[in-house]
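Okay, so here's the structure we're looking at.
As the structure is a prediction and not an experimental result, all values here were calculated from the model. To find a chain, count down the sequence lines: A is the first, B the second, and so on, and within it residues start at 1.
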Amino acid sequence: MFMPVGTQATVKFLSPEDLYEAGAGVILANTYHLWLQPGEEIVHQAGGVQKFMNYHGPMLTDSGGFQVFSLADARKINEDGVTFKNPRNGDTLFLSPEKSIQIQNKIGADIIMSFDECIPYPATYEYAKASMERTLRWAQRGKDAHTNPDTQALFGIVQGGDYEDLRLYCAEKLTEMDFPGYAIGGTSVGEDKETMLRMVGWSAKALPENKPRYLMGVGAVNDLLESISLNVDMFDCVLPTRLARHGTLLTSQGRINIKKAVYKDDFSPLDPLCDCYCCRNYTKAYLNHLFRAEEGFGTRLLSIHNVRFLLHLMEEARAAIKEDRYATFKQETLSRMKFDYRGF
RNA sequence: GGAGAGGUAGCGAAGUGGCUAAACGCGUCUGACUGUAAAUCAGAUCCCUCCGGGUUCGGCGGUUCGAAACCGUCCCUCUCCA
């Protein structure tokens with residue numbers, strides 16, 4: 001499954017109805033961002049994040065662990081947790097494993113995530129090891145602090161950089177802690193594709209087969225298809241929505257940028273194989289015009305398309321797996337989209 | 001008819017003697033984007049190119065070692081008054 005990302009309790013430019021029509025299931029929100037604004041109490045008072053944003057589907061919150069990576073210039077880490085400097089107003093903020101879980105308990109998503117440290121690539125063995133061990137301790141602390149295990153499934157997160165023994169060790173330890181699901185973190189942070197897939201492979205093979213395995217932050221088509229071969233079950237990524245905002249659309253033939261001059265008078269649909277609202281009703285020429293005119297409707301239409309595209313890809317992947325023809329499906333899809341077939 | 005302001009690269013607009021092939025903005029083109037500080041960011045944008053070279057700042061002529069910039073003249077645009 002692919003989970004669109006709605007960091008601030010909205011998948012940018014998409015309404016819940018857009019998401020249902022696209023076939024979305026789980027969508028993400030973010031602990032760190034909702035903590036800062038509007039605050040977890042407001043979301044709690046609203047009746048939880050699903051009611052707050054009027055999304056009648058399952059939701060997942062990320063823990064703020066990714067912000068340890070993405071806001072690296074503005075934070076300090078110690079055993080207790082992470083001190084952030086709010087990039088908006090300079091406030092000093094402190095997030096710990098317990099605090100992250102408390103906030104996520106208030107926000108009320110169906111799946112919540114351990115507070116981890118997403119380390120950059122490359123990282124030394126020593127740092128990756130120390131950080132991973134701390135992430136394991138944080139996972140236990142978060143588990144102990146979790147107040148609603150019956151209604152919110154807490155997932156542990158495998159770290160360990162690009163070191164096989166660290167990945168295996170981390171996955172084994174998390175498995176011993178017995179989480180209802182497991183995530184693979186610390187990928188797509190600047191490493192090359194081969195390295196990323198190695199990290200995924202090591203992590204996934206040491207996780208139990210009867211629990212969901214969730215690769216965090218991955219959403220490029222080739223990465224998705226290769227990772228499925230490595231037994232990953234769940235993905236989330238900002239890519240489809242961000243690319244849409246930047247004028248790039250995903251198609252069965254590969255990525256194209258709708259702003260390019262060649263689409264000015266191209267009255268064909270974005271992707272003839274797509275069944276989304278945008279492809280059923282609008283042409284490349286119209287989208288090209290909307291982007292040049294900086295009309296927000298174009299952004300919305302492209303977002304609808306890109307999200308539907310990945311959700312549809314996952315539908316096809318599931319069908320192929322059920323029919324035991326996944327390898328063929330993957331190879332054909334990648335070559336059609338002009339990706340090199342790696343065969344992981 | 002009188003008075004004034006002005007003509008700079010696709011457009012707008014800086015620049016008043018050498019550090020200027022000419023700031024900046026827009027437009028255009030290209031490329032990035034992976035648990036969202038991203039409706040963002042980076043690069044290119046007179047011509048030919050490898051170093052490098054060639055032609056530019058309304059036209060023409062002049063001053064100067066050197067001019068988009070100073071002088072003369074012509075053309076054009078805008079504003080106000082009659």
Side-chain angles (χ1 to χ4, degrees), chain A residues 2-14 26-34 36-37 60-75 84-91 93 100 104 109 111-119 121 155 157-159 182-193 196-197 199-200 214-224 226-227 232 234-250 255-264 288 290-303 306 310:
Chain A
F2 177 79
M3 306 182 285
V5 178
T7 304
Q8 311 218 57
T10 175
V11 179
K12 293 183 190 298
F13 284 89
L14 299 187
V26 179
I27 64 170
L28 296 219
N30 181 275
T31 301
Y32 174 88
H33 291 284
L34 292 180
L36 298 192
Q37 190 174 62
L60 180 156
T61 41
D62 186 27
S63 60
F66 185 69
Q67 279 61 46
V68 178
F69 164 78
S70 64
L71 303 177
D73 297 338
R75 76 355 176 213
F84 293 91
K85 205 165 196 114
N86 184 335
R88 289 218 165 78
N89 59 18
D91 282 357
L93 307 158
S100 173
Q104 294 189 78
I111 301 171
I112 65 178
M113 302 304 298
S114 288
F115 187 61
D116 64 333
E117 181 192 358
C118 178
I119 63 170
Y121 177 89
F155 282 26
I157 304 175
V158 179
Q159 291 288 348
Y182 301 91
I184 300 163
T187 71
S188 55
V189 288
E191 77 282 11
D192 58 81
K193 300 268 186 195
M196 189 194 94
L197 292 169
M199 296 193 285
V200 171
Y214 160 29
L215 176 56
M216 307 186 77
V218 165
V221 169
N222 48 350
D223 296 338
L224 293 171
E226 299 292 7
S227 298
V232 174
M234 303 165 62
F235 303 89
D236 80 281
C237 197
V238 305
L239 206 53
T241 47
R242 181 179 292 164
L243 288 178
R245 268 175 277 127
H246 297 171
T248 299
L249 63 140
L250 305 166
R255 290 185 193 183
I256 70 173
N257 189 326
I258 199 64
K259 291 184 283 193
K260 288 169 91 86
V262 280
Y263 302 117
K264 253 181 174 167
N288 177 278
L290 290 180
F291 266 83
R292 285 172 188 267
E294 294 181 46
E295 285 290 347
F297 187 48
T299 305
R300 174 147 174 269
L301 288 173
L302 240 52
S303 298
N306 280 353
L310 287 188

Inset, instruction - Decide yes or no for A:Met113 and A:Tyr214: does some side-chain heavy atom of the first lie under 4.5 Å from some side-chain heavy atom of the second? - result: yes
Legend entry - Qualifying side-chain hydrogen bond (donor to acceptor under 3.5 Å, both in side chains) pairs with a residue from residues 60-69 of chain A, counting only residues at least two apart or across chains: A:Asn30-A:Gln67, A:Thr61-A:Gln104
Legend entry - Verdict with reasoning, A:Asp91 to A:Lys85, per salt bridge (charged side-chain N to carboxylate O under 4.0 Å, His left out): CA-CA 6 Å; A:Asp91 282 357; A:Lys85 205 165 196 114; over 6 Å; no
Legend entry - Integer angstrom distance from the C1' of B:A68 to that of B:G7: 12 Å
Do any N or O atoms of the protein come closer than 3.5 Å to N or O atoms of nucleotides 26-28 of chain B, and which pairs are they?
residue: B:U28; atom: OP1; partner: A:Arg292; partner atom: NH1; Å: 3.3

Inset, instruction - Give A:Thr187 one of three labels, base, sugar-phosphate or nothing, depending on what nucleic acid heavy atoms sit under 4.0 Å from its own. - result: nothing
Legend entry - A:Leu60 CG - B:G35 P separation (whole Å): 13 Å
Legend entry - A:Asp223 (side chain) donor-acceptor with A:Ser188 (main chain) under 3.5 angstrom: no
Inset, instruction - Report the distance from atom NZ of A:Lys193 to atom P of B:U34, rounded to the nearest whole Å. - result: 10 Å
Inset, instruction - Determine the interatomic distance between C1' on B:A21 and the same-named atom on B:U49; round to the nearest Å. - result: 15 Å
Inset, instruction - Assess the pair A:Phe84 and A:Tyr32: is the distance between their ring centroids shorter than 6.0 Å? - result: yes
Legend entry - Donor-acceptor pair (no angle test) under 3.5 Å: A:Asp116 side chain, B:G35 base: yes
Legend entry - Interatomic distance at P, B:U8 relative to B:U77, whole Å: 14 Å
Legend entry - C1'-based separation of B:U20 from B:A67 [nearest Å]: 11 Å
Inset, instruction - Please measure how far the C1' atom in B:C65 lies from the corresponding atom in B:C48, and state the result in whole Å. - result: 29 Å
Legend entry - Separation of the C1' atoms in B:A69 and B:G31, to the nearest angstrom: 39 Å
Inset, instruction - Nearest 0.5 Å please: distance from the CG atom of A:Leu249 over to the CZ atom of A:Phe291. - result: 9.0 Å
Legend entry - side chain to side chain contact (heavy atoms under 4.5 Å, CB included) involving A:Lys264 - partner list, sequence neighbours excluded: A:Asn288, A:Arg292
Inset, instruction - Hunt down the Watson-Crick or G-U wobble partner of B:U63, both distances under 3.5 Å, from any strand shown, or write none. - result: none
Legend entry - Residues that A:Glu191 engages under salt bridge (Lys or Arg N to Asp or Glu O under 4.0 Å), provided they are two or more places apart: none
Legend entry - Complementary nucleotide of B:U30, counting Watson-Crick and G-U pairs under 3.5 Å: B:A42
Inset, instruction - Could you measure between the two C1' atoms, the one in B:G52 and the one in B:U64, and give it in whole Å? - result: 28 Å
Legend entry - Watson-Crick or G-U wobble mate for B:A3, both contacts under 3.5 Å: B:U79
Legend entry - For A:Cys237, side chain to side chain contact (heavy atoms under 4.5 Å, CB included) partners two or more places apart: A:Phe2, A:Leu239, A:Pro240
Legend entry - Between P of B:C33 and CD1 of A:Ile256, the distance in whole Å: 17 Å
Inset, instruction - Could you work out the separation of B:C24 and B:A42 based on their P atoms and round it to a whole Å? - result: 13 Å
Inset, instruction - Kindly say if A:Lys260 contacts the phosphate of B:U30, meaning a side-chain N or O under 4.0 Å from OP1 or OP2. - result: yes
Legend entry - Student check: side-chain heavy atoms of A:Thr187 and A:Val218 closer than 4.5 Å: yes
Inset, instruction - Between protein and nucleotides 36-44 of chain B, map the contacts as a letter string: B base, S sugar-phosphate only, - none, heavy atoms under 4.0 Å, written 5' to 3'. - result: BBBBB----
Inset, instruction - Check every strand shown and say whether A:Gln159 touches a base, only sugar-phosphate, or nothing at a heavy-atom separation below 4.0 Å. - result: base
Legend entry - Spacing between A:Leu224 atom CG and B:U34 atom C1', to the nearest angstrom: 9 Å
